[in-house]
Number of protein chains: 2
Amino acid sequence: MAVTMNDVARAAGVSLKTVSNVLNDYEFIRPATKKRVQDAIAELGYEANLTARSLRSGKTRMLGLVLSDLSAPYYAELASRLMKAASRRGYRVLVEQSDAVGEVELNALQGPFRQLTDGLLFTPLVIAADTIADRLGKKPLVLLGEHILDPRFDLVTMKNGEAAAALTAHLLAGGRRRIAVIGAHPDESAGSAGLRLNGYRKALDEAGVPFDAALVAPCEWRRDNGAAAVAGLLDKGVEFDAVFGLNDVLALGAMHELLIRGVRVPQDVAVAGFDDIDEARFASPSLTTVSPGMEEIAERSIGLLIDRIEGREAEDQAAHIEAEFQLKVRESAP
Amino acid sequence: MAVTMNDVARAAGVSLKTVSNVLNDYEFIRPATKKRVQDAIAELGYEANLTARSLRSGKTRMLGLVLSDLSAPYYAELASRLMKAASRRGYRVLVEQSDAVGEVELNALQGPFRQLTDGLLFTPLVIAADTIADRLGKKPLVLLGEHILDPRFDLVTMKNGEAAAALTAHLLAGGRRRIAVIGAHPDESAGSAGLRLNGYRKALDEAGVPFDAALVAPCEWRRDNGAAAVAGLLDKGVEFDAVFGLNDVLALGAMHELLIRGVRVPQDVAVAGFDDIDEARFASPSLTTVSPGMEEIAERSIGLLIDRIEGREAEDQAAHIEAEFQLKVRESAP
DNA sequence: GCCAAATTCTGCAACGATGTATGGCAGGAA
DNA sequence: TTCCTGCCATACATCGTTGCAGAATTTGGC
């Protein structure tokens, strides 16, 4: 049905292999032959069969991206950028949503998903470094965003702790003393939540402000949870003059709840988030947050992964890349 | 390197083809044989090579999704749902971002992207129905969201016109008479923008409110454009008591600009959007909008596409499915 | 116990590309 | 003339799977 290399070969009066050689830029081909083949290709509208090529070469030119949920704005923006960066280098990205379910994460590491891709960008939310190492095959893997600083794995991330500390310091400098933290993950210290919480505590320490566990609300990073967490604090009568949402959607959910209840932002309570999603700039009031250098993260993680795949990177050492962050001071916490 | 069907066959003491038969649920296999094969598979940790299977069968069990930009919240949420719906049926989704560039849309229809997928979910923003028909191969295609109501194509969409009319009627019922519209696409009538604008005009007509072209601001559907459009209207001195953003991010951008300039929402100007993205519920004030029945859209478009792929649907007639919408009245336009 | 039919299993040839090995044919050196 | 080298093109095997056709075995009816 479709035009194959064989048809092209027949049309150009050469062997099948010569067509293959033309396509793969083989050195020794008479210009005249090359032209005949290329003309035949154009005439017949030949397109290489990627599946056959993959079977033969063992490469798919697809990268896997494993994240919890594409509908989360941060991941959506990141995925969009990653796909564009990959596309520029001749790769596609296949996305797998784990919903933070360990089994799905595992399957992404070894199952059919792995087979379909030449390398993986992985955001491990549930499974641990040793599990990854166990199940990891020979294909390259770059960890994304979280902070499993393990000599076995490449990692591209941002300065979670430093950024959180800088943001907290900013709130403290604004005179806030009781800063609620929303979105902690108590059983985890290496993930973004843990690192950001550490940054927060460090900034408090440095300012000599005591840490109060009552101000920390654990929850998953969703808008409605942010709102519920603030509601919980208010209902319990916990006093606070600022809210630090460990990511933007949490902060925005929290801000919504505050405003509904007549709490003024930032006059009564300042609000700050983390991620600088597009929405943060246009919220009302606009949201003070940390910009994680997403463009740099996308570009460098794709670059690193493809370098590994194509063997351009020394294999003996894992790369640990930390993108630069920027504090974005806006209305919600001036 | 990897375990192949041949290895399994040897281990189970059967022919390679019998292993294949077991994997493909061939009817006539002795239970004992089946078990021997399955045990061998489990023991060796055999996993089918999807590339080889694709080459042989001509199917990839991947669906293509073509949209303009995954970082737009509506598309991100839609893509997430589509991927989950596809996953339940044993398919994966490969996303292509067109950035509303015609050439990319074309390539998605016929290039390598098409080859990698068994069927396409396509949101045509630039190219026209005839172009699609020209370049369309034999693989199934379902149009998504836009309104190319053409007997040649399957279409899953929502009642854009009706919903826009209902929303406009709601604003009119609230006493608004000068409703600005943001995000029109003047050169296009079959797309979402055109249909929604028509619905708006229809509702005005029915209420006997004159249409004023000065109230219509054309722009692409981005948050910053929404803000800029409102700024333009205000600066030009155009009077209005409501803003209808043709989608939510436009409305949210508009609302942001209004609030910055001290215009009260909804007291001075009501604001309404379209899409009911997650963010709408948590904006401040929360955004009145139209919920497009996204779950239904996702479920039915995936179902339809897979039915076509697997030949379960009569081929002689295109399906035109319109999901039900819901008006979500919130604070921004009570 | 025999034959036809039903069941169970197998071998071969693809799917469409690429790597390896090798075959011709020039032209220059011996 | 003979041999070698460099250039260009080809044949064959192969990647791992499934469709087709048919071989081998069992079953059932009488």
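Note that the structure is predicted; figures quoted are calculated from it, not measured. Just so it is clear: chains get the letters A, B, ... in the order the sequence lines come, proteins before strands, and each one is counted from 1.
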> B/K17 side chain: which of C/dG11, C/dT18, C/dC9 is closest?
C/dG11

> NA contact type, A/T4, heavy-atom cut-off 4.0 Å: base, sugar-phosphate, or nothing?
sugar-phosphate

> Can you check whether A/Y46 has a side-chain N or O nearer than 4.0 Å to OP1 or OP2 of C/dA17?
yes

> Rounded to whole angstroms, how far apart are CE on B/M5 and P on D/dC15?
14 Å

> Any chance the side chains of B/T4 and B/N49 put a donor and an acceptor closer than 3.5 Å?
no

> Go through it in stages, so that I can follow the logic: the residues are B/T51 and B/S54, the test is side-chain hydrogen bond (donor to acceptor under 3.5 Å, both in side chains), and I'd like the CA-CA distance, side-chain angles, deciding distance and then a yes or no.
CA-CA 5 Å; B/T51 308; B/S54 291; over 6 Å; no

> On the nucleotide D/dG19, are OP1 or OP2 found under 4.0 Å from the side-chain N or O atoms that B/R56 carries?
no

> Considering heavy-atom distances to DNA chain D, does A/V14 or B/L23 have its closest nucleotide positioned more toward the 5' end?
A/V14

> Answer with base, sugar-phosphate or nothing: what part of the nucleic acid does A/L16 contact at a heavy-atom distance below 4.0 Å?
base

> Using a cut-off of 4.0 Å on non-hydrogen atoms, how would the nucleic acid contact of B/I29 be classed: base, sugar-phosphate, or nothing?
sugar-phosphate

> Mind checking if B/N21 touches a base, just sugar-phosphate, or nothing, with heavy atoms under 4.0 Å?
base

> Can you tell me how far apart CD1 (A/I321) and OG1 (A/T157) are? Round to the nearest 0.5 Å.
10.5 Å

> Assess the side chains of A/T60 and A/D118: does a donor N or O sit below 3.5 Å from an acceptor N or O?
yes

> On DNA chain D, nearest-nucleotide positions of B/N6 versus B/R30: which is more 5'?
B/N6

> Classify the nucleic acid contact of B/T51 as base, sugar-phosphate or nothing, counting any heavy atom under 4.0 Å across all strands shown.
nothing

